[in-house]
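Just so it is clear: chains get the letters A, B, ... in the order the sequence lines come, proteins before strands, and each one is counted from 1. Being a predicted model, the structure only gives us computed values, none of them experimental.
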Number of protein chains: 2
Amino acid sequence: MTELRRAAGAARGRSSVPEATVARLPLYLRVLTSLADRAVRTVSSETLAKAAGMTSAKVRKDLSYLGSYGTRGVGYDVDFLLGRIAAELGLTEDRTVVLVGVGNLGHALAGYAGFRSRGFRVVALLDVDPDRIGESVGGVAVSPLDEMEALVERNQVTIGVICTPAAAAQAVCDRLVSAGITSILNFAPIALSVPVGVDVRKVDLAVELQILSFHEARKRSAPATGGVAAPTRSPGRRAGGRSGESDDPRLAMVTRAPTGPPTLGTRGTGPLVGTTGGTSGAATGAVTGAKTGGEAS
Amino acid sequence: MTELRRAAGAARGRSSVPEATVARLPLYLRVLTSLADRAVRTVSSETLAKAAGMTSAKVRKDLSYLGSYGTRGVGYDVDFLLGRIAAELGLTEDRTVVLVGVGNLGHALAGYAGFRSRGFRVVALLDVDPDRIGESVGGVAVSPLDEMEALVERNQVTIGVICTPAAAAQAVCDRLVSAGITSILNFAPIALSVPVGVDVRKVDLAVELQILSFHEARKRSAPATGGVAAPTRSPGRRAGGRSGESDDPRLAMVTRAPTGPPTLGTRGTGPLVGTTGGTSGAATGAVTGAKTGGEAS
DNA sequence: TCAACTTCGTGAAGTCCTTCACGAAGTCGT
DNA sequence: ACGACTTCGTGAAGGACTTCACGAAGTTGA
């Protein structure tokens, strides 16, 4: 299969760089930048690995996808590698970003220095709240959503960041795509559906905590999950009242879960339920590994 | 191998749930919560998959790791599954969190409703800046860093969120670990090194954009990377100046060894100019897939 | 009770990624 | 020059997920 793999890779023209590697390039870039700032000239895969918190073999493998730069017995030329990775990530031309939803999180992101320092320029902030229009964050004024199309075109923006509540996310997403955006970073807790050709990456802060919680759960309280409680297997009477209920530990974490008065904020209808929903997922491009770190302020 | 796989899994005692699956459980949880709110009683893997933006096969596989709940011909009981996943994620007991670094991003996170609504309670905000002490964010007052130990113990906190600048991150991390924290969510752009037993998850907003940039680069400007520019291959005269300096970069990165006043900035191949440097990681637990969404506000 | 359906559960095959291991290519000291 | 070292590059083996595919179990309607 190796034969096939390589063939496929080569056939894809340039870039046969695996996703996992792409997700790590920014990491190397950061370390290399730091080294360059200290006037360090060369770096070995071993050193680079330690600084990035990984293994040297992985570093070499990753870098090998970019070509065989690097000198045996010495290591890699910091400056050269830096430029090579930046080029690979398409950071040689400065990229513009439009951010929608200047609420709590959006506000913080708009002022986040890490974007600017790494080549991303937020050229527009959009929001529907009249009270926020005009407000300036990080030197950029908040504009009404209606100006999206004009701003995107005028600034040749290709990346959009969504920080709106979940209910508005899909609509905003659709509009961004129509306006010409082809890459989206989504902070809203909902799965966006987009046409092929558009990439979406999701970031959910609460999920990160939940994952930590999972591991936390099996550290402490070793036993814990003794017998999983009644699996409610066979039980036929499902129709009756809510079956599980009894062992319902999902508790508060969700806040209200009033099964009673249905209607509830019927609003969204969201994606679920009406199966037909819409463009199934799939199109969501790669998006797998996720890493990196913020840069408080 | 299958035999071995299973054996290994079983041997690990409870929980042989693969990391990739763990990373998706929060996603299912969110969808299920939404369904429960609408009084939906059962859901099929197909419907769940569409709502989560994935395939039904994956959903079934994932859920099968939790046990064989689910009724053929019908689907899964929403309430039961909800409780089962919450339990698996250890969300049955409410988890407390301490956040360090109430700057731009930290401030936003402290007020982030998504944490509260999903079972995480921020019980303490810490910062070194005297001006921020006392300020209240999301109902919690900012305390001086020195109170960390006391607050962590008093509230039985096990999860820490680091939103400090990269330079302070490792020190804060060490202190959190000493105080008893065993899970850390790191937003600082640096690889933290922690003792085994402590989990660290990293979130770097800029990296997400860089990954998008990578894909963006091969969409548009098809050709682009014409000839990669001089690989600097063969060039013998690398020695240039002090060779010694060049082949001992490893310490440099940790301690910094600003040997000459050289050109700095020259590297500029791109608009980047990052920051950071760091210590090894290794213990960083799994951490791979990343999903979910935020919840503006 | 039975036939027609739906939907789960899961071995097996297929992919992608990581780790191993070692030859090749350079550097360094004498 | 030459031997002793370093450190890269990479095939190959090993793992971890994902996707496929289909039998089993359960539901519904006549």
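- Projected onto DNA chain D by closest heavy-atom contact, A/K61 and A/G73 fall at different nucleotides, the more 5' of which corresponds to A/G73.
- Contact check for A/L192 versus A/I190: side-chain heavy atoms found under the 4.5 Å cut-off.
- OP1 or OP2 of C/dC8 lies within a sub-4.0 Å distance of a side-chain N or O belonging to B/S45.
- Between the OH atom of A/Y65 and the P atom of D/dG9 there is a distance of 13 Å, rounded to whole Å.
- Checking B/D62 against B/Y28 by side-chain atom types alone, a donor-acceptor pair falls below 3.5 Å.
- Here A/T182 pairs with B/E216, B/R220 under the side chain to side chain donor-acceptor pair (under 3.5 Å) rule; sequence neighbours left out.
- Residue B/M54 contributes atom CE, which lies 11 Å from atom C1' of D/dC17 at whole-angstrom precision.
- One atom, NZ of B/K50, and another, P of C/dT7, lie 11 Å apart when rounded to the nearest Å.
- Dashed line: the shortest gap from a side-chain N or O of A/S68 to OP1 or OP2 of D/dT10 is under 4.0 Å.
- In this structure, of C/dT19, D/dT10, D/dC8, it is C/dT19 that holds the atom nearest to the side chain of A/T55.
- Under the 6.0 Å distance and 45° angle rule, B/R218 counts as a cation-pi partner of B/F214.
- Taking atom CZ of residue B/R41 and atom P of nucleotide C/dT7, one finds them 18 Å apart after rounding to whole Å.
- With C/dC8, D/dT18, C/dG26 as the candidates, the nucleotide lying closest to the side chain of A/T71 is C/dG26.
- Remark: P of D/dA25 and OH of B/Y76 are 16 Å apart, rounded to the nearest angstrom.
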Shorter than 3.5 Å, N or O on both sides, protein versus nucleotides 21-23 of chain D: list them out with atom names.
unit_1, atom_1, unit_2, atom_2, d
D/dG23, N2, B/R72, NH1, 3.1

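- The separation between B/K58 atom NZ and D/dC20 atom P is 11 Å, rounded to whole Å.
- As rounded to whole Å, 10 Å separates atom P of D/dT19 from atom CG of B/D62.
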### Query
Yes or no on salt bridge (Lys or Arg N to Asp or Glu O under 4.0 Å) for B/D79 and B/R41, after CA distance, side-chain angles and deciding distance?
CA-CA 7 Å; B/D79 285 342; B/R41 292 266 172 48; 5.7 Å; no
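- Remark: A/S56 pairs with A/S45, A/E46, A/A49, A/R60 by the side-chain contact (heavy atoms from CB on, under 4.5 Å) rule, at least two apart or across chains.
- Scored by the side chain to side chain donor-acceptor pair (under 3.5 Å) test, B/Y76 finds no partners at all (sequence neighbours excluded).
- Spacing between atom CG of B/D77 and atom C1' of C/dT7 amounts to 15 Å, rounded to whole angstrom units.
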